[in-house]
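Note sheet for the following structure.
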Amino acid sequence: MRVLVTGAAGFIGFHVAQALLARGDEVIGVDNLNDYYDVSLKQARLDQLTPHKKFSFHKINVADKNAMLAFTKSGLTHIVHLAAQAGVRYSLQNPYAYVESNLMGQVVMLELARQTSQLKHFVYASSSSVYGGNQKVPFAVEDAVEQPVSLYAATKRADELMSWTYAHLYRLPCTGLRFFTVYGPWGRPDMAAYLFTKAIAAGQPITVFNHGKMRRDFTYIDDIVAGILASLDHVPVAGKAPPFALYNLGNSRAENLMDFIATLERTLGKKAEYDFQDIQPGDVPETFADITSSMRDLGYHPKTSITDGIPKFVEWYRAYHQK
């Protein structure tokens, strides 16, 4: 395979690129290295990838159609589109970033896929955020997702709809993956595991929203990567319906946030100081993945509990910040 991975310097993109290289695929990485969070962490991830002979990197914004469409001549066979403006809460502050990266970026990538004659599969990141405030749990891909409670979620649902349209119009095989709260080594500094670990280690209070009454389907990065690679290799087939698929990639366990924090406390050997706050606009109290179709079609079987995954994250965190 010759795979274009967007967001290659990001948390999930970095791990996907590593996994593809490890199995012998050629990877072209794209990332704009924006400053949404510490660019040095993104560069440190890239430094792990650049020694590979089958890896090349291009600093490009996926919304730059002229730069991205140049890859139509690159012999791509597959695309894993993970680049996006992430974060539910940040979308309240900078909505335009989400329109550019998540909407324009998705259209550009779909056009790239459509215009690449030998392309076999377009896989892209969606999010569990599309389920909004759904009361039915676990969340299944068949559930209604027409009432997103954040702009981020709305852009991700729009990505799914645009992809369905391209699958319908051009018979372009498209698979969307709804990720559930991913954590692990090389994780994002704006997410719970990193934020809490940093604060507890420094003896600073952690901000806990909805007074701790939150449940999240925390999913370890290795399980997510296994699901992405399995979906990449499982190409939807065109028939009467377009070659289009959607899957949940989660751990299929809704963990109490306070249990997640307690596991961090035990691993770090320190108690947390709590700053309890009301739930934030755009946030939801619970996420929980129904992975029935992912298990059936992709052979997806997440293996890592938070009691196994959190120590691996903390080990990486300590090593990375001691350098």
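For reference, positions follow the sequence shown, starting with 1. Since the model is a prediction, treat every value here as computed from it, not as a measurement.
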Mind checking whether Val141 and Ser293 have side chains closer than 4.5 Å, heavy atoms only? yes
State whether the side chain of Asp35 and the backbone N or O of Tyr37 hold a donor-acceptor pair below 3.5 Å, judged by distance alone. no
Nearest heavy atoms of Leu264 and Thr197, plus distance in Å: CD2-OG1, 3.2 Å
Electrostatic pair Lys271-Glu273, nearest N-O below 4.0 angstrom: no
Taking the side chain from Gln135 and the backbone from Gly133, do they hold a donor-acceptor pair closer than 3.5 Å? yes
Test salt bridge (charged side-chain N to carboxylate O under 4.0 Å, His left out) on Asp233 and Arg23; report intermediate values, then the result. CA-CA 13 Å; Asp233 296 336; Arg23 73 179 198 178; 2.9 Å; yes
Answer yes if the ring centres of Phe139 and Phe288 are under 6.0 angstrom apart, and no otherwise. no
Can a side-chain donor-acceptor contact be found between Glu100 and Asn61 if the only test is distance below 3.5 angstrom? yes
I need the minimum non-hydrogen distance between Arg171 and Lys240, along with the two atoms involved. NH2-O, 4.0 Å
Going through the distances and angles, do Glu160 and Arg157 end up as a salt bridge (charged side-chain N to carboxylate O under 4.0 Å, His left out)? CA-CA 5 Å; Glu160 295 176 353; Arg157 178 56 181 152; 2.7 Å; yes
Can you establish whether the number of heavy atoms outside Arg253 located under 6.0 Å from its atom CZ is more than 12? no
Quick one: closest heavy-atom pair of Pro189 and Tyr194, and the distance? CA-CG, 3.5 Å
Look at the side-chain heavy atoms of Ile, Leu, Val, Met, Phe, Trp and Tyr, link any pair under 4.5 Å apart, and say whether Val62 and Leu110 land in one connected group. yes
Sequence neighbours left out, what pairs pass side chain to side chain donor-acceptor pair (under 3.5 Å) with at least one residue falling in residues 210-230? His211-Asp278, Arg215-Asn256, Arg215-Glu286, Arg216-Asp283, Asp223-Thr304
For Thr116 and Leu119, indicate whether the former's side chain and the latter's backbone hold a donor-acceptor pair under 3.5 Å. no
Less than 4.5 Å apart, side chain to side chain, heavy atoms only: is that true for Tyr247 and His234? yes
Quick one, Glu111 and Tyr166 - any side-chain contact, counting heavy atoms below 4.5 Å? yes
List, by chain and number, the other hydrophobic cluster members for Val149, where Ile, Leu, Val, Met, Phe, Trp and Tyr join if side-chain heavy atoms come within less than 4.5 Å, directly or indirectly. Val284
Student check: side-chain heavy atoms of Leu46 and Leu33 closer than 4.5 Å: yes
d(Ile228 CD1, Thr175 OG1) to nearest 0.5 Å is 12.0 Å
Quick one: does Lys54's side chain have a donor or acceptor within less than 3.5 Å of a partner on Asp25's backbone? no
More than 12 heavy atoms of other residues, nucleotides or ligands under 6.0 Å from NE2 of His168: is that the case? no
Between Phe11 and Arg188, is there a cation-pi geometry (under 6.0 Å to ring centre, at most 45° from the normal)? no
Determine whether the side chains of Gln118 and Thr77 contain a donor N or O and an acceptor N or O closer than 3.5 Å. no
Is it true that atom CD of Gln280 has more than 12 heavy atoms of other residues, nucleotides or ligands lying nearer than 6.0 Å? yes
With clusters defined by side-chain heavy atoms of hydrophobic residues (ILVMFWY) lying less than 4.5 Å apart, directly or transitively, does Phe179 cluster with Met295? yes
For the hydrophobic clusters of this structure (ILVMFWY residues joined by side-chain heavy atoms under 4.5 Å, transitively), does one cluster hold both Tyr124 and Leu298? no
Hey, quick one: are Val107 and Phe122 part of the same hydrophobic cluster, counting side-chain heavy atoms closer than 4.5 Å, chains of contacts allowed? yes
CZ of Arg45 to OG of Ser40: how many Å apart, nearest 0.5 Å? 10.0 Å
Using a strict threshold of under 4.0 Å (side-chain N to carboxylate O), is an ion pair present between Glu315 and Lys312? no
Could you go step by step and tell me if Leu112 and His81 meet the side-chain contact (heavy atoms from CB on, under 4.5 Å) rule? CA-CA 11 Å; Leu112 169 58; His81 175 41; over 6 Å; no
Is it true that, when you exclude Asp47 itself, more than 12 heavy atoms of the residues, nucleotides or ligands shown sit nearer than 6.0 Å to its CG? yes
With under 30° as parallel and over 60° as perpendicular, where do the rings of Tyr90 and Tyr36 fit, or are they tilted in between? tilted
Do Arg178 and Tyr131 meet the cation-pi criteria used here (NZ or CZ under 6.0 Å from the six-membered ring centre, within 45° of the axis)? yes
Value rounded to 0.5 Å, distance of CZ in Phe14 from CG in Leu41: 9.5 Å
For Ile79 and Val3, run side-chain contact (heavy atoms from CB on, under 4.5 Å): C-alpha distance rounded to whole Å, both residues' side-chain angles, the deciding distance at 0.1 Å, then the answer. CA-CA 5 Å; Ile79 292 174; Val3 188; over 6 Å; no
Look at the side chain of Thr6 and the backbone N and O of Leu82, then say whether any donor-acceptor pair between them is shorter than 3.5 Å. yes
Taking the six-membered ring where the residue is Trp, are the ring centres of His121 and Phe244 under 6.0 Å apart? no
Answer yes or no: is there a side-chain heavy-atom contact under 4.5 Å between Leu232 and Leu20? yes
Do Ile221 and Pro185 make a side-chain contact, defined as non-hydrogen atoms from C-beta onward lying under 4.5 Å apart? yes
State, to 0.1 Å, how close Leu49 and Leu21 come at their nearest heavy-atom pair, and which atoms those are. CD2-CD1, 4.1 Å
From Asp31 CG over to Lys59 NZ, what is the distance, rounded to the nearest 0.5 angstrom? 9.5 Å
So how far is it from Leu4 CG to His58 NE2, rounded to the nearest 0.5 Å? 8.5 Å
Phe180 and Asn248, any side-chain heavy atoms less than 4.5 Å apart: yes
After noting the C-alpha distance and the side-chain angles of Phe260 and Thr181, does the key distance pass the side-chain contact (heavy atoms from CB on, under 4.5 Å) rule? CA-CA 12 Å; Phe260 184 83; Thr181 317; over 6 Å; no
I'd like to know if the side chain of Lys156 and the backbone of Leu151 have a donor-acceptor N/O pair within less than 3.5 Å. no
Which residues share a ring pair (Phe, Tyr, Trp, His ring centres under 6.0 Å) with Tyr98, sequence neighbours left out: none
Do Val208 and Met258 make a side-chain contact, defined as non-hydrogen atoms from C-beta onward lying under 4.5 Å apart? yes
Check the angle between the aromatic planes of Trp316 and Tyr320 and answer parallel, tilted or perpendicular using the 30° and 60° thresholds. parallel
Hydrophobic clustering (ILVMFWY, side-chain heavy atoms < 4.5 Å, transitive) - are Ile310 and Leu268 grouped together? yes
Gly212 versus Leu257, closest heavy-atom pair with distance: O-CB, 4.2 Å
Note: Asp143-Lys136 ion pair, threshold 4.0 Å (strictly below): yes
Can you name the closest pair of heavy atoms from Tyr152 and Asn102 and give their distance? CD1-ND2, 3.9 Å
So Ile306 and Tyr183, side-chain contact (heavy atoms from CB on, under 4.5 Å) or not? Walk me through it. CA-CA 9 Å; Ile306 59 172; Tyr183 75 100; 3.9 Å; yes
Could you give the distance from CG (Leu249) to OH (Tyr300), rounded to the nearest 0.5 Å? 5.0 Å
